[in-house]
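Notes for the one structure printed next.
Computed over heavy atoms, backbone and side chain alike; hydrogens, waters and symmetry mates excluded. Just so it is clear: chains get the letters A, B, ... in the order the sequence lines come, proteins before strands, and each one is counted from 1. Model, not experiment: these values are computed from the prediction.
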Number of protein chains: 2
Amino acid sequence: MNEHRTQRTARIKDVARIAGVSTATVSRTLSNPDIVSEGTRRAVLEAIEETGYSVNLSAQNLRRQRTGGILALAPNLANPFFSEILSGISDVLRGAGLNLIVGDTAIGDDARLRLVDYANRSRCDGLIVLDGSLDPEVFMRSQCPPVVQVCEWIQGLAAPKVLADNERGAGLAVDHLVGLGHERIGRLAGPEKNTLTQARDSGFGRALGRHGLVPDVVYRGDFSLASGQRAAEQLLGARNRPTAIFCDNDEMACGMMGALRRAGLQVPEDLSIVGFDDIELSRHLTPALTTVRQPRKALGTRAARTLLQQLDGVDVPNETRVPVSLEVRESTAPPAR
Amino acid sequence: MNEHRTQRTARIKDVARIAGVSTATVSRTLSNPDIVSEGTRRAVLEAIEETGYSVNLSAQNLRRQRTGGILALAPNLANPFFSEILSGISDVLRGAGLNLIVGDTAIGDDARLRLVDYANRSRCDGLIVLDGSLDPEVFMRSQCPPVVQVCEWIQGLAAPKVLADNERGAGLAVDHLVGLGHERIGRLAGPEKNTLTQARDSGFGRALGRHGLVPDVVYRGDFSLASGQRAAEQLLGARNRPTAIFCDNDEMACGMMGALRRAGLQVPEDLSIVGFDDIELSRHLTPALTTVRQPRKALGTRAARTLLQQLDGVDVPNETRVPVSLEVRESTAPPAR
DNA sequence: TTGTAGGCGTTATCAC
DNA sequence: GTGATAACGCCTACAA
């Protein structure tokens with residue numbers, strides 16, 4: 001209870017002195033309590049309590065040759081889609097005593113250069129990559145710690161992936177729309193080179209094919225609300241509209257729906273819309289959005305667990321598929337006669 | 001170019017040996033290039049290039065008595081409101097060579113205990129707190145590094161705050177509604193003990209007072225879409241409805257609006273709604289939401305800069321107010337006659 | 001301008 | 001069971 005003037009935070013030495021043992025014993029008490037005797041342990045714990053000691057992580061990390069941190073690389077921190085995945089990652093890492101360090105890859109030109117610094121054993125013990133547009137080479141150098149990819153993935157990077165079942169999701173959307181009677185089904189897709197978009201494109205095409213149909217118009221967006229709005233404007237200007245649109249995420253669907261309704265078009269009466277992700281908002285829209293549900297938190301936790309296994313030297317599957325499901329709400333209906 | 005079998009990553013010693021200098025010189029070349037001679041510098045940089053050396057941060061941190069990380073504590077990573085602030089923080093920290101470590105405070109019962117471990121100099125060089133519901137004591141212990149609070153703040157914690165001008169925001173909303181002719185203005189507020197809600201409550205009441213009015217009904221929510229929906233249900237069941245509602249954030253406003261419209265009520269014809277935050281979504285809703293704009297990214301960057309100044313020993317203002325503005329859109333109109 | 005050397009705080013190895 | 005002690009990799013007086 002006595003206040004020292006110099007509030008220097010306690011070191012392991014201080015604890016050792018007060019407990020009347022060596023620093024080695026203090027260290028053991030903390031990391032391997034079973035091998036110290038009952039009495040010593042108690043003395044040490046008391047001294048720790050008294051001094052308010054907590055281990056210096058920089059020193060511990062140096063000694064243990066690790067950093068205690070996992071770096072998550074996301075294209076856009078501000079996007080709720082990614083932040084919920086991060087939340088899942090965070091949960092798992094905390095349990096493992098690891099810090100979650102986040103890196104926003106959506107920055108200036110120097111971002112790619114910097115990445116080399118970050119993908120380094122001295123910076124982090126592992127990487128979780130949520131951005132499929134990054135250069136694979138960075139992650140293939142020997143200094144780079146283990147990597148896991150989530151949601152999106154990088155062409156040519158062999159690191160394990162944790163993915164939603166995108167093909168199946170697209171299939172569910174198509175089956176639903178065709179079941180309602182739609183035959184002219186368009187698409188609001190993500191960027192052409194995005195692996196996730198490609199997977200859904202392929203699922204979309206195949207599912208249509210099973211029903212003897214072919215894709216109608218395809219618009220390109222960038223997953224933003226604004227790009228949904230832009231696609232709606234294109235759609236409104238077109239002569240021959242599809243009766244339904246399958247969007248690559250809920251935000252674009254939402255942006256599109258807003259613009260369409262503002263222009264006087266009725267959803268779903270004039271046009272059915274299906275989204276992807278099932279962000280929380282979707283059920284609160286009017287009309288509530290029919291969408292393919294993607295368990296984002298689960299994607300995050302799975303990714304983090306996969307990475308931890310890798311760090312433990314356990315073999316992990318090259319690809320983990322997380323199931324998706326269709327949430328049918330109000331934005332889809334049979335096409336107008 | 002020669003591949004070693006053991007891909008041991010290069011140390012400062014290796015660089016020194018190859019460059020034919022001492023490790024001290026290598027270190028100086030990196031941290032203070034001006035004090036080494038032109039030729040030596042070039043030799044060292046070449047050796048660094050050749051070995052692919054990058055400094056070991058654990059060692060550097062230990063030596064420098066720092067951690068290289070700033071911990072941001074947010075109540076809910078999955079909430080886009082916070083994630084955009086984090087994005088601003090991330091930008092600034094990266095520029096300063098600091099890692100952004102994120103901690104989700106919305107976790108199990110043990111969270112509060114753990115906090116003590118995290119608010120520690122050996123864990124991070126500084127803290128940015130986005131959660132006003134935390135225990136102030138944790139941040140007042142001597143082991144705790146400098147703290148900055150953003151958006152919300154903790155009663156009894158003296159750490160500098162970076163805040164939106166909540167009182168004024170509420171005032172803008174009220175002035176707008178009163179200007180439209182509303183006299184019975186209700187409120188969908190956040191939790192009673194939330195400091196941010198309190199500030200807006202007070203701004204709300206004062207602004208009404210200036211117009212000779214008093215607050216109408218007050219609903220309590222928790223900033224979630226779902227709680228907006230619940231408030232709408234209460235509202236729908238009430239006899240004597242206000243003609244306008246001022247909500248503490250856009251998500252509650254959105255949840256409320258969705259539920260009202262689903263029940264057949266027209267916004268803004270039957271009820272005007274004003275939100276707070278101006279999240280990206282708000283302009284895409286139908287009707288587009290009138291809301292108080294809060295520059296979230298700026299809040300993040302200001303907070304981060306304030307913290308960096310504190311770390312540099314610069315005096316910082318106890319409170320920084322970031323201006324807000326009213327975005328008038330479609331969800332507000334004169335009250336029905 | 002450059003080199004030498006001690007120490008940052010911890011843990012693992014080796015004795016006892 | 002416990003205690004010395006030698007690293008972990010880097011930086012910075014101090015000396016040259």
Side-chain angles (χ1 to χ4, degrees), chain A residues 6 8-45 47-48 51-69 97 117 120-125 143 145, chain B residues 6 8-45 47-48 51-69 97 117 120-125 143 145:
Chain A
T6 60
R8 207 181 62 103
T9 101
R11 311 272 172 263
I12 199 171
K13 261 188 182 171
D14 305 318
V15 177
R17 188 173 18 81
I18 291 177
V21 299
S22 73
T23 60
T25 299
V26 177
S27 177
R28 281 190 286 254
T29 305
L30 253 26
S31 56
N32 207 350
D34 299 336
I35 65 169
V36 314
S37 77
E38 169 77 28
T40 317
R41 195 189 321 153
R42 213 170 12 229
V44 169
L45 292 177
I48 287 177
T51 54
Y53 169 78
S54 78
V55 61
N56 179 311
L57 289 182
S58 299
Q60 189 181 63
N61 288 336
L62 173 59
R63 180 58 230 233
R64 290 193 168 156
Q65 301 280 66
R66 44 164 255 167
T67 72
D117 297 340
N120 191 299
R121 287 207 138 73
S122 118
R123 276 242 158 205
C124 59
D125 299 332
Q143 310 96 316
Chain B
T6 61
R8 207 182 62 104
T9 100
R11 310 272 171 265
I12 199 172
K13 259 190 184 168
D14 305 317
V15 176
R17 187 171 20 79
I18 291 178
V21 298
S22 75
T23 61
T25 299
V26 177
S27 178
R28 281 191 284 254
T29 305
L30 253 27
S31 57
N32 207 351
D34 299 335
I35 65 169
V36 314
S37 75
E38 169 76 28
T40 317
R41 195 189 321 153
R42 213 169 13 226
V44 170
L45 292 177
I48 287 178
T51 54
Y53 169 78
S54 78
V55 60
N56 179 311
L57 288 183
S58 299
Q60 190 181 63
N61 288 335
L62 173 58
R63 177 59 230 244
R64 290 190 169 159
Q65 300 280 67
R66 44 164 257 168
T67 72
D117 297 340
N120 191 299
R121 286 206 138 72
S122 117
R123 276 243 159 203
C124 57
D125 299 332
Q143 310 96 317

Considering residues at least two apart in sequence or located in another chain, which fulfil the side chain to side chain donor-acceptor pair (under 3.5 Å) criterion with [X]?
| X | value |
| --- | --- |
| B/Arg66 | B/Asn61 |
| A/Ser122 | none |
| A/Thr40 | A/Ser37 |
| B/Ser54 | A/Asn120 |

How would you list, by chain and number, every residue that makes a side-chain contact (heavy atoms from CB on, under 4.5 Å) with [X], sequence neighbours excluded?
| X | value |
| --- | --- |
| B/Ile18 | B/Ala47, B/Glu50, B/Thr51 |
| B/Ile48 | B/Val15, B/Leu30, B/Val44, B/Leu45, B/Tyr53 |
| A/Arg63 | none |

- [ ] Would you mind listing every salt bridge (charged side-chain N to carboxylate O under 4.0 Å, His left out) that reaches into residues 17-32 of chain B, with sequence neighbours excluded?
- [x]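 Salt bridge (charged side-chain N to carboxylate O under 4.0 Å, His left out) check on residues 17-32 of chain B returns B/Asp14-B/Arg17.
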
Within this structure, what is the [atom1]-to-[atom2] distance between [X] and [N], rounded to whole angstrom?
| X | N | atom1 | atom2 | value |
| --- | --- | --- | --- | --- |
| B/Ile48 | D/dC10 | CD1 | P | 11 Å |
| A/Arg66 | D/dC8 | CZ | C1' | 14 Å |
| B/Gln65 | D/dT12 | CD | P | 11 Å |
| B/Ile12 | D/dC10 | CD1 | P | 5 Å |
| A/Gln60 | D/dG9 | CD | P | 16 Å |

Open item on the list: Can you list, in residue-number order, the parts of residues 23-32 of chain A that come under 4.0 Å of DNA chain D, counting heavy atoms only?
Closed with: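 Contacts with DNA chain D under 4.0 Å: A/Ala24, A/Thr25, A/Arg28.
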
TODO: State the OG1-CG distance between B/Thr67 and B/Leu62, to the nearest 0.5 angstrom.
DONE: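 Nearest 0.5 Å value for the OG1-CG distance: 12.0 Å.
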
Task: Euclidean distance, B/Arg121 CZ relative to A/Thr9 OG1, rounded to 0.5 Å - done: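 Here the rounded value is 8.5 Å.
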
Open item on the list: According to salt bridge (Lys or Arg N to Asp or Glu O under 4.0 Å), who are the partners of B/Arg64, at least two apart in sequence or on a separate chain?
Closed with: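 So B/Arg64 forms no salt bridge (Lys or Arg N to Asp or Glu O under 4.0 Å) with any residue.
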
TODO: Indicate, with a heavy-atom threshold strictly under 4.0 Å, whether B/Leu62 touches base, sugar-phosphate, or nothing.
DONE: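 It contacts base atoms.
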
- [ ] Mind grabbing the angle between the end helix axes of the helix from C/dT1-D/dA16 to C/dC16-D/dG1? Five pairs an end, 10° rounding.
- [x]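 About 40°, once rounded to a multiple of 10°.
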
Open item on the list: If you assign B/Val21 and B/Ala59 each to the DNA chain C nucleotide with the nearest heavy atom, which residue ends up on the more 5' nucleotide?
Closed with: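 Its nearest nucleotide being more 5', the pick is B/Val21.
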
Open item on the list: Under 4.0 Å from a heavy atom of chain A: give me the 5'-most and 3'-most nucleotides of DNA chain C that qualify.
Closed with: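 Span of nucleotides near chain A: C/dG9 to C/dT13.
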
